Peer 1: 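Here's a structure for you.
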Amino acid sequence: MSNLSQTTFTLEDLRARAEGRGPIPAEVGLAVLGHPVEHSLSPAMQNAALEALGSKLRYAKIDCPPEQLAEAIDLARKAGFTGLNLTIPHKFEALNLCNELDDTARQLGAVNTLLFDGSRIVGFNTDGPGLVRAIREVFAFDLRDLRVMVLGAGGGAGSAAALQCALERCPRLVLVNRTEGKAHDVAAQAKKLLHTDRLEGPDDPVTVIPLEESALREQLGRTDLVINATSLGMKRTDPRLVPAALLTPDLMVYDMIYRPAVTRLLEDAQNANARTANGLSLLLHQGALSLEIWLNRPAPVDVMRSALQKAAA
Ligand code: NAP
C-alpha cells in the first residue's frame with residue numbers, strides 16, 4: 001500500500017474502479033484530483049494518518065484534466081469514496097459541482113475538500129483555516145493580529161489567503177500581484193467580506209499596490225507578515241520578487257512554496273534576520289482539517305507532519 005504515494009492513477013482507472021475492477025485498490029476511498037498531480041505529497045501524509053488511526057481507508061492521487069472534473073467527482077461518488085481533495089486547477093470549477101457549500105468555501109470562492117453524503121456533494125475550503133493554523137504554529141501569532149502583505153494575491157492560493165485575512169479582520173491587508181487588475185478584483189471581494197466599501201486611501205484596511213520596489217518599500221514599513229503566494233521561487237534561477245534590501249528583522253516572511261525548502265525570498269529574509277517559514281505547515285494543516293471533515297475525528301497532526309517532512313526531504 002505504501003506505493004500509493006508514488007502511483008498516479010488516471011480517470012480511466014477511476015472508471016474501472018466505479019465498475020468494481022481495475023488498479024485502484026478497494027481500500028482507496030479518498031484521493032486528490034489535480035492536473036498535474038504526480039508531485040503531490042498528500043498521499044504520504046494522509047496514508048500515514050489513516051494508518052495511525054487504525055482506519056482501513058487509503059488515499060490516492062488521480063490525474064484529472066479540467067474538462068473531466070464533473071465526471072471524476074461523479075465516478076468517485078459511485079465508487080463509494082468518502083471524499084476528495086481538489087488541487088490546481090479544480091478549486092474554482094468545483095464550486096458549481098457541489099450541492100452544498102460550507103461558509104468558508106462560499107466566502108473564499110473556492111473548494112479544496114469534498115465530502116460525499118449519500119447522493120449529496122458537500123464542498124469545503126480548508127486552505128484558509130489551514131493558513132490560520134500554520135501561521136499560529138510557525139510564528140506563534142494569530143493572523144487576525146497581523147498587518148499582512150500578500151504577494152500573488154490574484155492567484156488561487158493568494159486570493160484564498162487574502163480573503164481569509166479579510167475574514168480574520170486583519171488590521172491591514174496589502175495586496176500585490178504582477179497582473180494588478182486581479183488584485184483589485186480580490187480587494188473588492190475582501191471589502192465585501194469586511195462590509196466596507198471605503199475608497200482606497202491611507203486608512204483603508206485593504207490596499208492594492210503594484211509589484212514595484214518603491215511601492216513595496218513604502219508598505220513593508222507598515223507590514224508584520226509577508227506571504228508569498230506566487231510561484232516565483234520554485235526554481236533556483238527565478239528572479240527576486242522583493243529586493244533583498246527591503247527585508248528587515250521585524251518582518252515575518254511566509255513562503256507558500258515548500259520545494260525548495262528555502263527559497264531565495266526566505267534566504268534573503270533569513271540574511272536580514274527576519275523570521276521565516278515555508279509552506280509545509282500550510283499543506284499539513286489544510287490536510288489535517290480535510291481529514292477531520294472526512295472522518296469526523298481529530299487528525300494525528302504530529303504523525304502527518306513527520307510523514308510530510310520525510311516525503312518532502
Ligand atoms: P496560480 O493560481 O497559478 O497563481 C500564480 C501566482 O503567481 C499569480 O499571482 C501570478 O501572477 C504569480 N506569478 C507567476 N509568475 C510570476 C512572476 N514571474 N512574477 C510575479 N508573479 C508571478 O497558482 P497557485 O495555485 O495560487 O499557487 C501559487 C504558489 O503557491 C505555488 O508555488 C504553489 O506551489 C504554492 N501553493 C502552496 C500550497 C501549500 O499547501 N503550501 C498550496 C497552494 C499553493 P499573475 O496573476 O500576474 O499571473
Side-chain angles (χ1 to χ4, degrees), residues 32-46 61 66 85-94 108-113 125-135 137-138 149-164 174-187 208-213 215-216 226-243 253-266 276-291 301 304-305 307-309 311-312:
V32 55
L33 301 184
H35 187 71
V37 77
E38 62 269 21
H39 300 299
S40 173
L41 301 182
S42 291
M45 167 175 70
Q46 298 290 6
K61 54 187 167 185
N85 271 143
L86 302 172
T87 188
I88 200 163
H90 302 311
K91 293 182 186 182
F92 301 110
E93 179 61 25
L108 300 193
V111 168
N112 79 327
T113 304
N125 190 310
T126 66
D127 287 329
L131 179 67
V132 173
R133 286 196 185 189
I135 295 301
E137 175 177 306
V138 297
M149 175 184 286
V150 181
L151 304 168
S159 62
L163 296 176
Q164 186 67 41
V174 179
L175 306 185
V176 192
N177 203 62
R178 177 180 58 179
T179 313
E180 207 180 316
K182 291 193 204 167
H184 282 289
D185 292 346
V186 175
V208 175
I209 61 163
L211 183 53
E212 288 168 7
E213 183 166 347
L216 289 171
V226 178
I227 298 175
N228 176 35
T230 77
S231 42
L232 211 65
M234 295 177 87
K235 291 190 283 242
R236 291 300 299 176
T237 51
D238 281 346
R240 278 191 168 84
L241 193 60
V242 178
V253 181
Y254 189 84
D255 201 325
M256 287 202 184
I257 296 170
Y258 49 83
R259 265 178 172 165
V262 183
T263 58
R264 192 198 282 250
L265 174 67
L266 292 188
T276 64
N278 71 23
L280 216 55
S281 48
L282 170 57
L283 188 61
L284 168 68
H285 287 291
Q286 62 77 33
L289 288 166
S290 295
L291 192 68
V301 175
M304 297 171 85
R305 185 184 296 105
L308 254 190
Q309 284 166 347

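Note that this is a predicted model, so its numbers are computed, not measured. Order of appearance sets the numbers: ligands from 1, and atoms from 1 within every ligand.
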Peer 1: Could an N or O of ligand 1 be found under 3.5 Å from any N or O of M256, whether backbone or side chain?
Peer 2: yes
Peer 1: Would you say G279 and ligand 1 have an N/O pair spaced under 3.5 Å apart?
Peer 2: yes
Peer 1: I'd like to know if the side chain of D238 reaches the main chain of G233, judged simply by a donor and an acceptor atom lying under 3.5 Å from each other, with no hydrogens or angles considered.
Peer 2: yes
Peer 1: Keeping Q46 on the side-chain end and P43 on the backbone end, is there a donor-acceptor pair under 3.5 Å?
Peer 2: no
Peer 1: Does N278 reach the main-chain N or O of I257 with its side chain, forming a donor-acceptor pair under 3.5 Å?
Peer 2: no
Peer 1: With distance as the sole test, does K91 use its side chain to make a donor-acceptor pair with the main-chain N or O of N112 at under 3.5 Å?
Peer 2: no
Peer 1: Do you know which two heavy atoms are closest between G154 and V186, and how far apart they sit?
Peer 2: CA-CG2, 4.2 Å
Peer 1: Near M234, which atoms of ligand 1 are under 4.0 Å from a heavy atom of that residue?
Peer 2: 32 (O), 34 (O)
Peer 1: Considering only protein heavy atoms, which is closest to atom 24 (P) of ligand 1, and at what distance to one decimal place?
Peer 2: A157 N, 3.9 Å
Peer 1: Could you state the interatomic distance from NE2 (H285) to CZ (R305), rounded to the nearest 0.5 Å?
Peer 2: 5.5 Å
Peer 1: Please state which protein non-hydrogen atom is closest to atom 4 (O) of ligand 1 and give its distance, to 0.1 Å?
Peer 2: G155 CA, 3.4 Å
Peer 1: State the atoms of ligand 1, each with its element, that fall below the 4.0 Å cut-off from a heavy-atom position in T179.
Peer 2: 45 (P), 46 (O), 47 (O)
Peer 1: Give, for atom CZ of R240 and atom OG1 of T263, the distance between the pair rounded to the nearest 0.5 Å.
Peer 2: 11.0 Å
Peer 1: Looking at non-hydrogen atoms alone, which of G156, P89, S231, P239 comes nearest to atom 14 (C) of ligand 1?
Peer 2: S231
Peer 1: With atoms numbered from 1 as shown, which atoms in ligand 1 lie under 4.0 angstrom from a non-hydrogen atom of G152?
Peer 2: 9 (O)
Peer 1: Return the residue, atom name and 0.1 Å-rounded distance of the protein heavy atom closest to atom 28 (C) of ligand 1.
Peer 2: A229 O, 3.2 Å
Peer 1: Tell me which part of L232 gets within contact of ligand 1: side chain, backbone, both or neither, using heavy atoms under 4.0 Å.
Peer 2: side chain
Peer 1: Could any protein non-hydrogen atom be found less than 4.0 Å from atom 33 (C) of ligand 1?
Peer 2: no
Peer 1: Using a 3.5 Å cut-off on N or O atoms only, is R178 in polar contact with ligand 1?
Peer 2: yes
Peer 1: Below a 4.0 angstrom heavy-atom separation, can you tell me which part of I88, side chain or backbone, both or neither, approaches ligand 1?
Peer 2: side chain
Peer 1: Say whether N177, considering both its backbone and side-chain N or O atoms, lies within less than 3.5 Å of an N or O atom on ligand 1.
Peer 2: yes
Peer 1: Among all protein heavy atoms, pick the one closest to atom 42 (C) of ligand 1 and tell me residue, atom and distance.
Peer 2: L282 CD2, 4.3 Å
Peer 1: Grab the two heavy atoms, one from A183 and one from N177, that are nearest each other, plus how far apart they are.
Peer 2: CB-CB, 3.8 Å
Peer 1: So, regarding A153 and ligand 1 (criterion: nitrogen or oxygen to nitrogen or oxygen, under 3.5 Å), is there a contact or not?
Peer 2: no
Peer 1: First locate atom CG of N85, then atom CG of L33, and finally report the distance between them rounded to the nearest 0.5 Å.
Peer 2: 9.0 Å
Peer 1: Look up atom CG in L151 and atom CZ in R178, then write down how far apart they are to the nearest 0.5 Å.
Peer 2: 13.0 Å
Peer 1: For K91 and ligand 1, does the shortest N/O to N/O distance drop below 3.5 Å?
Peer 2: no
Peer 1: How many angstroms lie between atom CG of L282 and atom OH of Y254, to the nearest 0.5 angstrom?
Peer 2: 4.5 Å
Peer 1: Applying the side chain to side chain contact (heavy atoms under 4.5 Å, CB included) test to M256, which of N228, I227, D127 qualifies?
Peer 2: I227
Peer 1: Under 4.0 Å from a heavy atom of Y258: which atoms of ligand 1 are those, numbered in the order shown and with their elements?
Peer 2: 39 (C), 41 (N)
Peer 1: Need the ligand 1 atom indices (1-based, order shown) with element for anything under 4.0 Å from a heavy-atom of K182.
Peer 2: 45 (P), 46 (O), 48 (O)
Peer 1: Do the side chain of Q164 and the main chain of V132 share a donor and acceptor less than 3.5 angstrom apart?
Peer 2: no
Peer 1: Check ligand 1 against L283 and write out every atom of the ligand that is under 4.0 Å from a heavy-atom position of the residue.
Peer 2: 40 (O)
Peer 1: Atom 12 (C) of ligand 1: which protein heavy atom is closest, and how many Å away?
Peer 2: T230 CB, 3.7 Å
